[in-house]
2 protein chains.
Amino acid sequence: MFKNWPYDRCMTTAPNPGEPRWLTAEEQAVWRSYLHATTLLEDSLDRQLQRDAGMPHVYYGLLVKLAEAPRRRLRMTELAKDAKITRSRLSHAIARLEKNGWVRREDCPNDRRGQNACLTDRGFEVLKKAAPGHVTAVRQAVFDRLSPEQVRQLGEITRIMAESLQPDGTDADLPWLR
Amino acid sequence: MFKNWPYDRCMTTAPNPGEPRWLTAEEQAVWRSYLHATTLLEDSLDRQLQRDAGMPHVYYGLLVKLAEAPRRRLRMTELAKDAKITRSRLSHAIARLEKNGWVRREDCPNDRRGQNACLTDRGFEVLKKAAPGHVTAVRQAVFDRLSPEQVRQLGEITRIMAESLQPDGTDADLPWLR
DNA sequence: CCGAGCTAGTTCAATGTTCAAGAATTGGCC
DNA sequence: GGCCAATTCTTGAACATTGAACTAGCTCGG
């Protein structure tokens with residue numbers, strides 16, 4: 001019989017050949033809680049940044065990466081890898097940010113295929129203006145609610161999860177390189 | 001001085017008036033790890049489900065909610081609340097799922113404004129076929145890698161995060177009701 | 001029973017994302 | 001050098017999401 005389909009079923013029987021191991025009741029509850037939290041948080045940050053900075057969270061993340069890079073510029077592929085997005089998505093995103101005047105493309109000196117995305121002064125200003133609100137939002141939703149021990153746990157758990165999805169640091173044939 | 005702009009800066013000085021409390025080095029590392037993990041996981045599940053079931057993760061989630069509901073149907077607003085998405089997004093999603101023949105709309109008997117989304121038999125079959133692969137993917141990325149203690153911790157942490165973003169169970173003027 | 005305000009759901013236009021295809025360049029290998 | 005495969009980035013079309021405006025129906029106080 002199904003209990004709480006489709007995550008757990010047939011809990012009392014040994015897994016048939018071809019049947020996956022369904023989630024236990026606790027795993028299921030945790031998974032839903034995880035989905036719940038990540039969805040709400042991402043939506044909330046997107047809305048906050050759209051309102052205060054005129055861009056979605058991912059785009060903000062791109063500006064952050066650029067701001068931290070030496071000379072505030074990065075090769076497209078490098079940036080895509082850092083941000084864990086496809087190069088296609090990055091192309092579109094940079095096009096938009098360029099139209100806003102927050103990023104500038106320039107040719108890569110040594111590789112004529114390459115492009116550098118450079119954060120402009122205006123882009124930096126926008127980022128500087130948006131950062132306090134963003135950090136506050138992150139704090140309020142996460143770090144101010146968790147104990148130091150829980151913060152440590154969250155770091156360890158997400159480290160493990162990320163590792164399983166992107167084995168060590170290898171860039172080898174990962175989807176975002178397509 | 002900036003250390004690792006823009007998440008932490010001025011760590012050694014007391015917060016100026018108007019300055020937010022920046023993230024500590026550890027909080028920052030945890031936050032990046034969190035973003036990293038959640039991005040990779042969501043992308044991975046989206047790709048897995050797109051490949052195996054022809055729909056993104058969110059749409060799959062909608063089918064799951066419907067499958068679990070009494071008589072496999074839910075009011076649109078109810079479904080939107082459950083799935084934590086806006087009604088607009090849901091309208092589009094159901095339109096697409098309806099075109100696929102996986103969901104059917106029907107008028108609500110007692111409220112003529114209302115619509116029920118009903119999972120069709122075909123939709124149920126698609127779900128049944130996709131579920132094993134999905135559960136396996138979730139297991140491989142999360143539950144098979146974490147200790148029972150970590151699973152418990154993750155549940156508690158995400159519960160707290162979700163709570164802060166959607167205070168108790170109230171449906172009061174939340175963004176997805178717009 | 002009537003009107004103001006609320007609720008349910010949809011639609012439109014603008015924006016963002018994906019996937020597959022394509023153009024330009026590079027690098028290894030003979 | 002010259003060829004083939006791989007790398008870099010872009011493009012365009014299809015699809016998904018957002019936010020605001022809109023229609024229709026409900027509700028409740030007077």
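In the text below, chain A, chain B and the rest are named by the order of the sequence lines, each starting its count at 1. Just so it is clear, the values below take in all heavy atoms, side chains as well, and ignore hydrogens, waters and symmetry mates. None of these values were measured; they are calculated from a predicted model.
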Check: A/E98 side chain, A/R105 main-chain N or O, donor-acceptor pair, under 3.5 Å:
yes

Taking N and O atoms by type only, does the side chain of A/S88 place a donor or acceptor under 3.5 Å from a partner on the base of D/dT10?
no

Contact list please: residues 104-116 of chain A against DNA chain D, heavy atoms, distance less than 4.0 Å, in numerical order.
A/R105, A/R113, A/G114, A/Q115

Measuring only between side-chain heavy atoms, which start at C-beta, is B/R75 closer than 4.5 Å to B/L79?
no

Test item: B/Q140 side-chain N/O and B/A137 main-chain N/O as donor-acceptor pair under 3.5 Å
no

Side-chain donor or acceptor of A/Q28 paired with backbone N/O of A/A25 under 3.5 Å:
no

Spacing between A/L49 atom CG and C/dG16 atom P, to the nearest angstrom:
13 Å

Within the side chain of B/T38, is there an N or O that forms a donor-acceptor pair under 3.5 Å with the backbone of B/Y34?
yes

From the list C/dT18, D/dT17, D/dA20, which nucleotide is the closest neighbour of the side chain of B/D43?
C/dT18

Of the nucleotides C/dC19, C/dT17, D/dC9, which has the atom closest to the A/S91 side chain?
D/dC9

Relative orientation of the end axes in the helix from C/dC1-D/dG30 to C/dC30-D/dG1, expressed as an angle to the nearest 10° (five pairs per end)
20°

Round to the nearest Å and state the distance from B/K84 atom NZ to D/dT17 atom C1'.
19 Å

Whole Å only: how far is the CG atom of A/D46 from the P atom of D/dA16?
18 Å

Looking at the side chain of B/Y59, which of D/dT17, C/dT11, C/dG16 is the nearest nucleotide?
D/dT17

Nearest-Å distance, CZ (A/R89) to C1' (C/dA20)?
18 Å

Under 4.0 Å between a side-chain N/O of A/R87 and OP1 or OP2 of D/dT8, yes or no?
yes

Flag the pair A/E156 and A/R152 as a salt bridge only when some basic side-chain nitrogen lies within less than 4.0 angstrom of an acidic carboxylate oxygen.
no

Which nucleotide in C/dT18, D/dC9, D/dT17 has an atom nearest any side-chain atom of A/R75:
D/dC9

Within residues 92-101 of chain A, which residues have any heavy atom lying less than 4.0 Å from an atom of DNA chain D?
A/H92

In whole angstrom, what separates B/M76's CE from C/dT11's P?
10 Å

Output yes when a side-chain donor or acceptor of B/T158 lies under 3.5 Å from a complementary backbone atom of A/A37, and no otherwise.
no

Roughly, in whole Å, what's the span from CG in A/L90 to P in D/dC9?
9 Å

Go through the structure and list residues passing side chain to side chain contact (heavy atoms under 4.5 Å, CB included) with B/E106, not counting sequence neighbours.
B/R73, B/R104, B/N116, B/C118

Sequence neighbours excluded, which residues qualify as side chain to side chain contact (heavy atoms under 4.5 Å, CB included) partners of B/R145?
A/I160, A/S164

For B/D52, give me all partners under side chain to side chain contact (heavy atoms under 4.5 Å, CB included), at least two apart in sequence or on another chain.
B/Q48

Under-4.0 Å salt bridge between B/E27 and A/R139:
yes

Whole-Å gap separating P (D/dA16) and NE2 (B/H57)
15 Å

Classify the ring geometry between B/H134 and B/Y60 as parallel (under 30°), tilted (30 to 60°) or perpendicular (over 60°).
tilted

Starting at CD of A/E78 and ending at P of D/dT7, how long is that distance when rounded to a whole Å?
15 Å

